2 protein chains.
Amino acid sequence: MTGSETRWLDPDQQNDWRAYLVGSTLLMDTLDREMRTEHGISMAEYEILVRLSERPDKTLRMAQIAESMQHSRSRVTHTVSRMEKAGLIRREAAEGDKRGVDAVMTAAGWELLQAAAHTHVAGVRAHFVDLADKDDFAALGRVMNAVSDQLLEENPKFEDIREH
Amino acid sequence: MTGSETRWLDPDQQNDWRAYLVGSTLLMDTLDREMRTEHGISMAEYEILVRLSERPDKTLRMAQIAESMQHSRSRVTHTVSRMEKAGLIRREAAEGDKRGVDAVMTAAGWELLQAAAHTHVAGVRAHFVDLADKDDFAALGRVMNAVSDQLLEENPKFEDIREH
DNA sequence: GTTCAAGAGTTGAAAGTTCAACTAACCAGG
DNA sequence: CCTGGTTAGTTGAACTTTCAACTCTTGAAC
């Protein structure tokens, strides 16, 4: 990385980038705050519950959680430990692979998720989705998909982030 | 907050929202990582330097930093302390108000910012701006501006986040 | 000119995240 | 089968962020 001359952003790009930065921070902080005050869990914990809920057996290997959330395994270990202590998740030995650990959503976790999902969607609507028209959102979706694709490609442990 | 029936997102909205979530995380993590490995500062620290650099006297009151970054005062105190220890910022008593503290960018801070700005812009281009066309970006800018406006309005200490 | 609520900033502990080191289990190749 | 290279997950320390309590100053009301 760090090529020769700096190609600065033009004023429009600068504005859009700043708008993105400020808007993102505000949005995420708000959703996180609402989730915490209304249900006592963070957005990260909420998202773990969502991922578990999408599985027929409400179960996911630790590594799968880590990967799908782009979190370190260590972080997942700590977070799941807290959620386990709170009774939202239970740990089980994964069968087949004795190294593995399954995180299983408990009934209490499911209950909490029902309520939390409502809050979350209401927040996403109120602070994001219902704020602009469909086309602008589609555009935003395209951009963010492009971002993900690009970053996931050159992912493999973040080597080769040099001048292509 | 938390009205009666949940109005779920339709599939398109769901997709766009997820794309936003994943893309944002990836993008911010990447920019932060690049900033840390190449210049030893976090994005938050970088942004403080940027804000200071925009002032003719390279100076900002602690509270102004906090407000413009949407950080708590406590957080700014800690961050500025670290940056002061690193020699990037110097603290001075603000004149006029004996309670006040000015954060002043040092020569070392300025030096670092020059290099860091290059990295940052290159990253923003490579992972974001150069990835989609102008119209899509304009749309994204509009959406994120709407988000900011809405959230800043009902800001005053986050009361009245009830049914409008 | 007191009094006292509000504002600016700091402090230290608690909570959460990252980082490096570690254990245990798996899985090739010889 | 055994030897090393991965992979899964945990641990604990270092670091960052949050939270509540605290000090000092300001400014308005009386």
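Quick caveat: nothing in here was measured; it's all calculated off a predicted structure. Below, chains carry the letters A, B, ... as their sequence lines are ordered, and counting in each starts from 1.
Nearer the 5' end of DNA chain C, as judged by each residue's closest nucleotide, is the contact made by B/Val76, out of B/Val76 and A/Glu45. If A/Arg36 and B/Gly96 are placed on DNA chain D by their nearest nucleotide, the residue sitting closer to the 5' end is A/Arg36. For A/Arg61 and B/Arg75, each mapped to the nucleotide of DNA chain D holding its nearest heavy atom, the one lying further toward the 5' end belongs to A/Arg61.
Protein atom CD of A/Glu84 is 14 Å distant from nucleotide atom P of D/dG9, rounded to whole Å. In this structure, A/Asp32 atom CG and D/dT18 atom C1' are separated by 11 Å, rounded to whole Å.
Listed nucleotides: D/dT26, D/dG9, C/dA25. Nearest to the side chain of A/Met62: D/dG9. Nearest to the side chain of A/Thr79, among C/dG9, D/dT26, C/dT17, sits C/dT17. The side chain of B/Lys98 lies closest to D/dT26 when the candidates are D/dT26, D/dG9, C/dT11.
Applying the 3.5 Å distance criterion, the base of C/dG7 shares a donor-acceptor pair with the side chain of B/Arg99. A/Ser81 contributes no side-chain N or O that forms a donor-acceptor pair with the base of D/dT10 under 3.5 Å. Side-chain to base pairing of B/Ser74 with C/dT11: one donor and one acceptor N or O lie within less than 3.5 Å of each other.
Under the 30°/60° scheme for interplanar angles, the aromatic rings of A/Tyr20 and B/Tyr20 are found to stand perpendicular.
Residue B/His78 is classed as a base contact, given a heavy-atom separation below 4.0 Å to a base.
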